[in-house]
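All remarks here apply to the structure that follows.
In what follows, chains are A, B, ... by sequence order, proteins preceding strands, each numbered from 1. These numbers come from a predicted model, not from an experiment.
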Amino acid sequence: MNPAQLADEVRAALTAAVADGALSVAVPDEITIDRPRSREHGDYATPVALQLAKQAGVPPRTIAQALAERLRAAPGVAAVEIAGPGFVNIRLETAAIGALARDVVIAGEKYGSASTLSGIAVNLEFVSANPTGPLHLGHARWAAVGDALGRVMRAQGAAVTNEYYFNDAGVQIDRFAMSLLAAARNQPVPEDGYGGAYIAEIAQRVVQDHPEAAGLPDDEALRTFRTEGVQLMFDEIKSTLHTFRTDFDVYFHEDSLHSSGAVTTAVNKLKDSGSLYEKDGAWWLRSTEYGDDKDRVVIKSDGNPAYIAGDLAYFLDKRSRGFSLCIYMLGADHHGYIARLKAAAAAFGDDPDTVEVLIGQMVNLVRGGEPVRMSKRAGTVVTLDDLVDALGVDAARYALIRYSVDTTLDLDIDVWTRQTNDNPVFYVQYAHARLASLERHAADLHIELGDDYDPALLDTAQEAELLALLAGYPQVVAAAAELREPHRVARYLEDLASGYHKFYDAVRILPMGDEPATDATVARLWLCRATRQVLANGLALLGVTAPERM
RNA sequence: GCGCUCGUAGCUCAGCUGGAUAGAGCAGGGGACUUCUAAUCCCCGGGUCGCAGGUUCGAAUCCUGCCGGGCGCACCA
């Protein structure tokens with residue numbers, strides 16, 4: 001019995017009470033089932049009687065009474081009590097709780113998957129860093145969180161495309177090219193140019209492949225350094241992301257929007273539909289209608305498209321590819337874009353709610369409380385590669401995903417490289433490794449799960465807590481997907497690992513010495529298998545490994 | 001000035017689409033390994049949930065105002 005099944009029983013009991021005239025209420029679709037903090041309040045509790053009292057026009061305890069009478073007859077329910085103002089506290093039979101391990105083991109990798117998001121095609125755009133330098137910590141946060149969110153949403157049935165928007169048009173790239181050329185010619189960094197050791201490195205690699213390049217006239221030289229430099233930088237970014245276990249389905253080139261005429265097409269479409277207006281020689285988008293501070297220029301008075309023109313064309317392109325939901329993950333310094341992007345959707349006649357913009361706060365790396373600022377290669381910022389060098393991929397991903405993106409993050413290198421339980425990733429992985437070790441021992445002893453077990457034998461408090469934790473996993477994944485908050489999965493895994501460690505400490509699983517395996521041994525092994533499965537499933541959603549040994 | 005966001009234990013943070021006595025880890029103190037991984041577990045102390053109003057059976061959670069921190073407010077990209 002899991003909370004969802006219990007909610008069904010509660011709903012059925014209410015419906016029955018209405019049918020035989022005991023109550024007159026509209027039975028809600030969503031029934032709240034809580035896991036009370038104290039077991040004195042039962043295994044589960046529902047405040048539904050409190051919630052329905054007003055519309056029913058009767059005291060909550062009256063509703064609770066009618067509900068309790070019928071719920072007591074439900075299969076798996078051991079006791080139902082009314083408490084306080086009208087809470088209904090529910091105690092389940094031990095076997096009904098214990099049966100959950102079987103459900104988990106049978107579902108296997110699919111446990112926690114559902115279809116709450118099925119039928120929607122999601123374009124998930126994240127990182128999208130300019131290819132003018134290595135990825136830094138802010139990008140790292142989105143690489144980890146975005147990738148995890150994609151996994152979580154896929155687990156709920158969404159068709160997700162991970163997409164990287166590659167800004168390879170515009171003056172930033174020009175400055176990058178000028179910086180490379182200057183470095184190749186041993187000239188100082190140009191004004192507004194890029195510094196950092198990586199510029200010299202890339203410039204040198206361009207020179208290696210094209211020894212004549214630096215000596216060409218400026219125009220031609222810049223063209224070569226621009227094309228080759230961007231390619232090298234972009235390969236490096238892809239490689240960094242791949243190492244970080246974040247791969248994209250689509251790398252979209254902004255340049256292609258301009259060269260293909262997509263920008264012109266999009267702008268003309270908006271002019272035709274009256275979504276743009278002309279003022280002071282420029283064309284403006286009515287973004288104020290969607291919460292923007294001011295309307296935005298799409299075509300500048302010199303006739304050139306402004307940056308947002310590319311966004312408009314890009315959005316149109318996404319829609320033409322059939323996405324029903326476009327998610328953009330941006331840094332806090334870009335929160336001003338929310339209204340703009342929603343206005344873009346509206347301008348093309350789409351519901352602005354089909355555009356979601358997630359804003360992530362900044363990330364700082366600290367060591368012993370002191371900020372770590374300088375990077376070996378990038379000069380002023382810490383790179384994603386630096387982070388991986390310091391923590392490893394597992395800890396780096398986990399550390400970035402574990403916190404709500406709403407909070408500014410200070411990652412302490414000392415904490416995340418520690419191999420103790422103040423390092424959450426080790427704590428969770430250790431639980432998995434412990435379980436794997438246990439199963440190896442069971443195999444050595446020739447103890448097998450068999451076809452089934454007696455769920456009533458999982459009767460200790462620690463087993464009940466662990467089973468309740470396992471039962472809650474599907475709702476955690478569903479909530480993480482719906483709220484776009486993958487950190488919930490990480491927090492859950494820490495709770496689950498804790499529940500397992502407590503169980504392990506309190507209950508002997510395998511027989512000691514020459515003792516024979518009992519039915520209880522087998523039941524506990526089922527519980528262990530189920531726990532390992534959920535730990536593995538959850539870690540997979542985060543893109544973190546589930547080690548067999550540590 | 002306007003907008004977004006955060007403010008919960010000494011520290012780092014969960015909890016926020018309203019539910020019972022507000023949680024975890026760390027830090028501090030004290031315990032538990034002859035047999036399944038002690039990278040673990042148990043116990044102790046620790047709080048005006050920034051402040052003030054409001055909504056209601058019930059508010060850390062929702063609304064309003066204020067205080068404090070971060071980030072933004074281009075015919076740049």
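With both pairing distances under 3.5 Å, A27(B) is matched to nothing as a Watson-Crick or G-U wobble pair. Across all strands shown, G53(B) pairs with C63(B); the Watson-Crick or G-U wobble distances both stay below 3.5 Å. The pairing partner recorded for G45(B) is none, the criterion being a Watson-Crick or G-U wobble arrangement whose two distances lie under 3.5 angstrom. Of the nucleotides present, C73(B) is the one that pairs with G1(B) by Watson-Crick or G-U wobble criteria, both distances under 3.5 Å. G68(B) and C6(B) make up a base pair, with Watson-Crick or G-U wobble contacts both under 3.5 Å.
One C1' atom belongs to C42(B), the other to C4(B), and the distance between them is 45 Å to the nearest Å. When the C1' atom is used for both U61(B) and U17(B), the distance is 10 Å, rounded to whole Å. The P atoms of G46(B) and G23(B) are separated by 14 Å, rounded to the nearest whole Å. Here the separation of C6(B) from G10(B), taken at their P atoms, is 22 Å to the nearest Å. For the P atom pair drawn from C75(B) and C62(B), the interatomic distance equals 35 Å after rounding to whole Å. Straight-line distance between the C1' atoms of C2(B) and G45(B): roughly 47 Å, to the nearest whole Å.
Thr46(A) places a side-chain N or O within donor-acceptor distance of the main-chain N or O of Val48(A), the cut-off being under 3.5 Å. When atom types are taken as modelled, the side chain of Arg524(A) and the backbone of Leu510(A) share no donor-acceptor pair closer than 3.5 angstrom. Gln55(A) contributes no side-chain N or O that, together with a main-chain N or O of Val25(A), makes up a donor-acceptor pair within less than 3.5 Å. Side-chain N or O atoms of Ser179(A) include one that pairs as donor or acceptor with a backbone N or O of Arg175(A) at under 3.5 Å. Judged purely by atom type and a 3.5 angstrom limit, Arg397(A) uses its side chain to pair as donor or acceptor with the backbone of Leu542(A). Side chain of His253(A) to main chain of Asp255(A): no donor-acceptor pair is present (N/O by atom type, distance under 3.5 Å, no hydrogens or angles). In this structure, Ser287(A) contributes its side chain and Lys294(A) its backbone to a donor-acceptor pair below 3.5 Å.
In this structure, Arg508(A) reaches the bases: a heavy-atom distance under 4.0 Å links it to at least one base atom across the strands shown. At a threshold of 4.0 angstrom between heavy atoms, the contacts of Gly170(A) are confined to the sugar-phosphate backbone, with no base atom among them. Leu483(A) comes within contact range of at least one nucleobase, with a heavy-atom separation under 4.0 Å. Using a 4.0 Å heavy-atom distance criterion, Thr32(A) is classed as making no nucleic acid contact. Contacts of Asp293(A) with the nucleic acid, taken as non-hydrogen atoms under 4.0 Å apart, involve only primed sugar atoms and P, OP1 or OP2. At a threshold of 4.0 angstrom between heavy atoms, the contacts of Glu548(A) include nucleobase atoms, whether or not backbone atoms are also involved. Across all strands shown, Arg340(A) has heavy atoms under 4.0 Å from base atoms, whether or not it also approaches the sugar-phosphate. Heavy atoms of Asp514(A) sit nowhere under 4.0 angstrom from any nucleic acid atom. No engagement by Val88(A) is indicated, since no non-hydrogen atom pair under 4.0 Å with the nucleic acid exists. Counting non-hydrogen atoms under 4.0 angstrom, Ala169(A) reaches the backbone sugars and phosphates but no base. Nucleic acid contact for Thr408(A): sugar-phosphate only, since backbone atoms but no base atoms lie under 4.0 Å from a heavy atom of the residue. Note on Ala431(A): nothing from the nucleic acid sits closer than 4.0 angstrom, heavy atoms only.
Following rounding to the nearest Å, Asp295(A) (CG) and C75(B) (C1') show an atom-to-atom distance of 13 Å. Here G19(B) presents its P atom at 17 Å from OH of Tyr44(A), a figure rounded to the nearest Å. Taking atom CD on Gln361(A) and atom P on G72(B), their separation rounds to 10 Å, with Å as the unit. Counting to the nearest Å, the P atom of A20(B) and the CD1 atom of Ile90(A) are 16 Å from each other. Taking atom NZ of residue Lys502(A) and atom C1' of nucleotide A32(B), one finds them 15 Å apart after rounding to whole Å. Taking atom CZ of Arg488(A) as the reference point, atom C1' of A14(B) lies 10 Å away to the nearest angstrom. Following rounding to the nearest Å, Asp410(A) (CG) and G70(B) (P) show an atom-to-atom distance of 13 Å. If you take CZ of Arg296(A) and P of G72(B), they are 15 Å apart, rounded to a whole angstrom.
Classification of C33(B) as syn follows from a glycosidic angle within 90° of 0.
Considering only side-chain N and O atoms, Thr407(A) lies nowhere under 4.0 angstrom from the phosphate OP1 or OP2 of G7(B). Phosphate contact (OP1/OP2 of G15(B), side-chain N/O of Arg35(A), threshold under 4.0 Å): absent. The side chain of Lys294(A) contributes no N or O atom lying less than 4.0 Å from OP1 or OP2 of C2(B). When the side-chain nitrogen and oxygen atoms of His335(A) are compared with OP1 and OP2 of C2(B), none of them lie within a distance under 4.0 Å. Between Tyr504(A) and C33(B) there is no side-chain N or O to OP1 or OP2 distance below 4.0 Å.
For the pair Lys318(A) and Tyr328(A), the distance from NZ or CZ to the six-membered ring centre is under 6.0 Å and the angle to the ring normal is within 45 degrees. A cation-pi arrangement, defined by a distance under 6.0 Å to the six-membered ring centre and an angle within 45 degrees of its axis, is absent between Lys279(A) and Tyr277(A).
Using modelled atom types, one finds a donor on one side chain and an acceptor on the other under 3.5 Å when comparing Thr460(A) with Glu463(A). With hydrogens and angles left out, the side-chain atoms of Asn130(A) and Gln172(A) include no donor and acceptor closer than 3.5 Å.
For the pair Gly336(A) and Gly281(A), both in contact range of RNA chain B, the more 5′-proximal nearest nucleotide belongs to Gly336(A). With the nearest nucleotide of RNA chain B identified for both Ala83(A) and Leu438(A), Ala83(A) has the one nearer the 5' end.
The aromatic rings of Tyr403(A) and Trp416(A) sit perpendicular to each other, their planes meeting at more than 60°, with 30° as the lower class boundary.
In this structure, Phe87(A) packs face-to-face on the six-membered ring of A20(B), meeting both the 5.5 Å centre cutoff and the 30° plane limit. Centre separation under 5.5 Å together with a plane angle under 30° holds for the ring of His41(A) and the six-membered base ring of A20(B), marking them as stacked.
Checked against U5(B), C71(B), C75(B), the side chain of Val297(A) finds its nearest nucleotide in C75(B). Of the candidate nucleotides C75(B), C6(B), C71(B), C75(B) has the atom nearest to the side chain of Lys300(A). The listed nucleotides are U21(B), C36(B), C41(B); the one nearest the side chain of Leu510(A) is C36(B). The side chain of Asp406(A) sits closest to U5(B) out of U35(B), C41(B), U5(B). Which of A20(B), A14(B), G19(B) sits closest to the side chain of His487(A) comes down to A14(B).
Glu465(A) has a carboxylate O that lies under 4.0 Å from a charged side-chain N of Arg35(A), or vice versa, which qualifies the two as a salt bridge. In summary, Asp292(A) and Arg296(A) engage in a salt bridge, as defined by a charged side-chain N under 4.0 Å from a carboxylate O.
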Give me, pair by pair, the N or O atoms of the protein and of nucleotides 22-24 of chain B that are less than 3.5 Å apart, along with how far apart they are.
| from | atom 1 | to | atom 2 | distance (Å) |
| --- | --- | --- | --- | --- |
| G23(B) | OP1 | Arg37(A) | NE | 3.1 |

Dump every N/O contact between nucleotides 54-57 of chain B and the protein below 3.5 Å, one line per pair.
| from | atom 1 | to | atom 2 | distance (Å) |
| --- | --- | --- | --- | --- |
| C57(B) | OP1 | Lys54(A) | NZ | 3.2 |

